[in-house]
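Scroll down for the structure; my scribbles are underneath it.
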Amino acid sequence: MSPPSLHASTHPLVAHKLALLRAKTTEPKQFRELVRELTWLLGYEAMADLATRPVEIETPLEPMIAARMEPKVGLIPILRAGLGMVDAMLELLPTAEVWHIGLYRDERTLKPVEYYNKLPDAATVQVCLILDPMLATGGSSAATVDILKTWGAARIKQVSLIAAPEGVVTLSAAHPDVDIHVAALDSHLNERGYIVPGLGDAGDRQFGTFAGPASEPGHGSDDETAEVVRRLQRDLER
Ligand code: PRP
Ligand code: URA
């Protein structure tokens, strides 16, 4: 059962673009364009409940009370795959602050390893939007939320293109207050922790960094990694 914090888009345009993104024949150039377009659409949905405040303006015809977005928003792309989502969000929110967090997933343990964090001492924004195309085990996302909560962020949302049920359960169990906006909730993780059917490696597909058959998602497996995935899948059944 999906937690209430999960918002999976039902928009046909999102479904259409996601199909193109997933296809293995889609080359990095078109892949990057689709990441950008999907982020635009998901960002629009993710910001639907942000507060506005009334402002007086004058149209050419008369004065009126209009609305202005109230909270200061921070975009938190997780390096490196989240980088491709930043420009689209900045088109929607040109005054947003961008705070990068560097995490990579240890391919054996599937645990996140932090390597870049230049957040100042105290939070400078009220709402943080974590940008990462893939929510797989949920480890990278949960670790980022921990960092942002320690920083003092009042409200946090995760914006991802594809999530696995295992990752949604992990993130929502650790942080039930974090809204999770996705284009699709997929079937499961494979024994290497890749989302199935997914789209493969979002970073490699954006940046054209294909290192050969050993790095192909779903090829080859390590006992330790497979056990991590089985444990997550047992948690899901509870
Ligand atoms: C991918 C993805 C997420 C993470 C998701 O990044 O962009 O950050 O894996 O996995 P999780 O939910 O199991 O933590 P990766 O570690 O491959 O780094 P990259 O963006 O530098 O390629
Ligand atoms: N990271 C990716 O890029 N893809 C997955 O399926 C899982 C983690």
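Just follow the structure's listing: the first ligand is 1, and inside any ligand the first atom is 1.
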_Below the 3.5 angstrom mark, is there an N/O of Ile195, backbone or side chain, next to an N/O of ligand 2?_
yes
*Partners of Leu79 by side chain to side chain contact (heavy atoms under 4.5 Å, CB included), sequence neighbours excluded?*
Leu83, His100, Tyr115, Tyr116
_Those atoms of ligand 2 less than 4.0 Å from some heavy atom in Ala136_ = 7 (C), 8 (C)
*Could you list the atoms of ligand 2 found under 4.0 angstrom from a heavy atom of Arg105?*
7 (C), 8 (C)
*CG (Asp121) with more than 12 external heavy atoms under 6.0 Å*: no
*Backbone, side chain, both or neither: what part of Ala202 comes under 4.0 angstrom of ligand 2, heavy atoms only?*
both
*Numbering the atoms of ligand 2 from 1, which are under 4.0 Å from a heavy atom of Gly200?*
2 (C), 3 (O), 4 (N), 5 (C), 6 (O)
*asked:* Is it the case that the side chain of Asp179 and the backbone of His181 share a donor-acceptor pair, with hydrogens and angles ignored and the cut-off at 3.5 Å?
replied: no
*With a cut-off of 6.0 Å (strictly less than), are more than 12 heavy atoms of other residues, nucleotides or ligands near OH of Tyr44?*
no
_Set of residues that line ligand 1, where lining means a heavy atom lies under 4.0 Å from it_ = Leu79, Arg80, Ala81, Tyr104, Arg105, Asp132, Met134, Leu135, Ala136, Thr137, Gly138, Gly139, Ser140
*Roughly how far, to the nearest 0.5 Å, is the CD atom of Glu227 from the OG1 atom of Thr225?*
10.5 Å
*Please, which pairs that meet side-chain hydrogen bond (donor to acceptor under 3.5 Å, both in side chains) have at least one residue in residues 54-71, sequence neighbours excluded?*
Arg53-Glu70
*Flag Gly203 as yes when one of its N or O atoms lies below 3.5 Å from any N or O atom of ligand 2, and as no otherwise.*
no
*asked:* Working to the nearest 0.5 angstrom, can you tell me the gap between Leu189 CG and Leu110 CG?
replied: 8.0 Å
*For Gly193, take its heavy atoms, then give the atoms of ligand 2 lying under 4.0 Å from any of them.*
7 (C)
*Are side-chain N/O atoms of Asp204 and Thr209 paired as donor and acceptor at under 3.5 Å?*
yes
*Only pairs at least two apart or in different chains count here, so list each side-chain hydrogen bond (donor to acceptor under 3.5 Å, both in side chains) that has a residue in residues 11-21.*
Lys17-Glu37
